[in-house]
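We count ligands from 1, going down the list as the structure has it; atoms in each ligand are counted the same way.
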Amino acid sequence: VSILAKFQEGDETALAKVISFVENQSDGYRDVLKRLYPLSGGAYRIGITGPPGVGKSTLVDRIAALFVEKKQTLGIVAIDPSSPFTGGALLGDRVRMQHLPADRGVFVRSMATRGSSGGLAGATKEVTLVLDSFGKDYILIETVGVGQIELDIVNACDTTVVVLVPESGDSIQAMKAGLMEIADILVVNKSDREGADRFIRELSSTLELRGETASWRVPIVSTQALHNEGQTELFDHLAAHAEFLRSNNLMEANRKAQIQNDLLSLLEKKIRDHLSVEALNSSSLERVTEEIFERKVDPYTVAENYFNELLSHKTT
Ligand SMILES: Nc1nc2c(ncn2[C@@H]2O[C@H](COP(=O)(O)OP(=O)(O)O)[C@@H](O)[C@H]2O)c(=O)[nH]1
Ligand SMILES: [Mg+2]
């Protein structure tokens, strides 16, 4: 409890402790989330996704420096075991450190992925909530995107940035389509590489072919994170997208849709947990398995019966 008091005073050590507590799902972490929830909602959340190695961490680093310049506080959640967020300019690079004020208000947290397929780690949403309720102005969430439609990240962010590189490898091609669908902003990083212009032209005609009906035009931003190029343009597009959402009441609408998605998945999890302990963990399961195996009954009917039984338990 005293840790929560310190947390609310803005103590970053307490913040780190609360994040670990929640990330590890320690006893009572749900109560902590319940207490913090009313304090959240003030942070603007930006997702940065794309294939491994495209320069997401480097870019996050550059963007972070710009937020610091604007005196904005920042939480960074990096979910990418293949290239752990080393802090780069913010934490290690002495040259750049000189440009940053002493109290930078930046908090970085690296997390392991759930699986090799990338996506969001289990506790990302909760860690974001903690940073949000701590009072951070912005939260950057770096995740590996491998091209299935990454609804997880979309559902956890206000703005989604997809980072690609000018490579015509088959694997990148395959990832591209799925990733492009979720992008509010497309970044072509490593534009120092050969073929960058052609790649950007190709992306832009793909976007046009898609026949955008929404009033937001997905911009393509050319960057060289390593060489400090293009991050200001990206920063401006981030601000423009936030402004677009706000002035069209879309931020509120999107966040409400996210709340509904969250509610559904929380409920799903509760039902699943309930099922595995109560309904299915019974001797009747073995009996019914036998009956299904022998084709005396079908699994569809059995599942329906279980479900109805569950409902009647719940309502009585
Ligand atoms: N040539 C070039 N290399 C870059 C650029 N940005 C990042 N890199 C390098 O690409 C590698 C992967 O970067 P990283 O930020 O870890 O990528 P991530 O896996 O997407 O987070 C690192 O060696 C970077 O130095 C760039 O604009 N041009
Ligand atoms: Mg990375």
Side-chain angles (χ1 to χ4, degrees), residues 45-67 74-97 106-121 124 127-128 138-148 150 152-153 156-157 159-169 171-176 178-180 182-183 185-200 203 219-235 237-238:
R45 303 155 304 158
I46 299 168
I48 317 252
T49 192
V54 295
K56 298 180 296 297
S57 296
T58 317
L59 203 60
V60 163
D61 215 54
R62 303 301 188 227
I63 291 291
L66 293 177
F67 278 111
L74 199 63
I76 299 175
V77 187
I79 307 140
D80 182 359
S82 67
S83 70
F85 188 88
T86 56
L90 277 168
L91 303 176
D93 185 337
R94 264 164 280 126
V95 180
R96 200 158 172 91
M97 282 277 269
V106 180
F107 184 92
V108 183
R109 185 59 156 224
S110 283
M111 294 170 68
T113 30
R114 195 163 38 192
S116 56
S117 62
L120 288 197
T124 308
V127 170
T128 305
Y138 288 87
I139 301 170
L140 304 181
I141 305 168
E142 177 193 336
T143 67
V144 182
V146 287
Q148 307 102 339
E150 318 272 342
D152 280 1
I153 185 78
C157 291
T159 298
T160 303
V161 178
V162 169
V163 186
L164 298 170
V165 289
E167 256 169 14
S168 49
S171 56
I172 300 269
Q173 287 302 326
M175 291 172 181
K176 221 177 58 184
L179 283 170
M180 279 178 74
I182 61 162
I185 298 173
L186 265 177
V187 168
V188 175
N189 190 42
K190 307 197 185 185
S191 61
D192 48 309
R193 285 199 183 162
E194 231 187 84
D197 289 344
R198 185 162 35 85
F199 185 64
I200 289 169
L203 284 182
I220 302 174
V221 190
S222 162
T223 62
Q224 298 176 29
L226 189 61
H227 307 118
N228 262 306
E229 300 254 355
Q231 69 264 33
T232 316
E233 287 77 1
L234 173 55
F235 191 82
H237 283 294
L238 286 169

For A225, the ligand 1 atoms whose distance to one of its heavy atoms is below 4.0 Å: 6 (N), 27 (O)
Nitrogen or oxygen atoms of K190 and ligand 1 under 3.5 Å apart: yes
T49 side chain to T143 backbone, donor-acceptor under 3.5 Å: yes
Polar atom proximity, T223 to ligand 1 (N or O, under 3.5 Å): no
The Mg ion (ligand 2) contact by T58, N, O or S atom under 2.8 Å: no
Any N or O of P52 closer than 3.5 Å to N or O of ligand 1: no
Which segment of D192 sits under 4.0 Å of ligand 1 when only heavy atoms are counted: side chain
Name, closest N/O/S atom of E142 to the Mg ion (ligand 2): OE2
Which atom of A225 lies closest to which atom of R62, heavy atoms considered: O-NE, 2.8 Å
Contact summary for G55 and N189, nearest pair of heavy atoms: CA-ND2, 3.6 Å
Nearest atoms (heavy-atom pairs only) where V162 meets L179: CG2-O, 3.3 Å
Test item: side-chain donor near acceptor, S57 and E142, under 3.5 Å: yes
Smallest separation among heavy atoms of S191 and Q224, with atom names: OG-CG, 3.3 Å
Short N or O distance, S191 and ligand 1, threshold 3.5 Å exclusive: no
Element-labelled atoms of ligand 1 that are located less than 4.0 Å from some non-hydrogen atom of Q224: 27 (O)
Interfacing atoms of ligand 1 (cut-off 4.0 Å, heavy-atom, N189): 5 (C), 6 (N), 7 (C), 27 (O)
Within-shell test, R193 vs ligand 1, heavy atom, strictly < 4.0 Å: no
Numbered atoms and elements of ligand 1 in range of E142, under 4.0 angstrom, heavy atoms: 21 (O)
Pair R193 + E167, salt bridge at N-O below 4.0 Å: yes
Side chain, backbone, both or neither: L59 near ligand 1, heavy atoms under 4.0 Å: neither
Passing candidate, side-chain contact (heavy atoms from CB on, under 4.5 Å) with L164, options V54, L203, I220: L203
Shortest non-hydrogen separation from L234 to V221 and the atoms involved: N-CG1, 3.8 Å
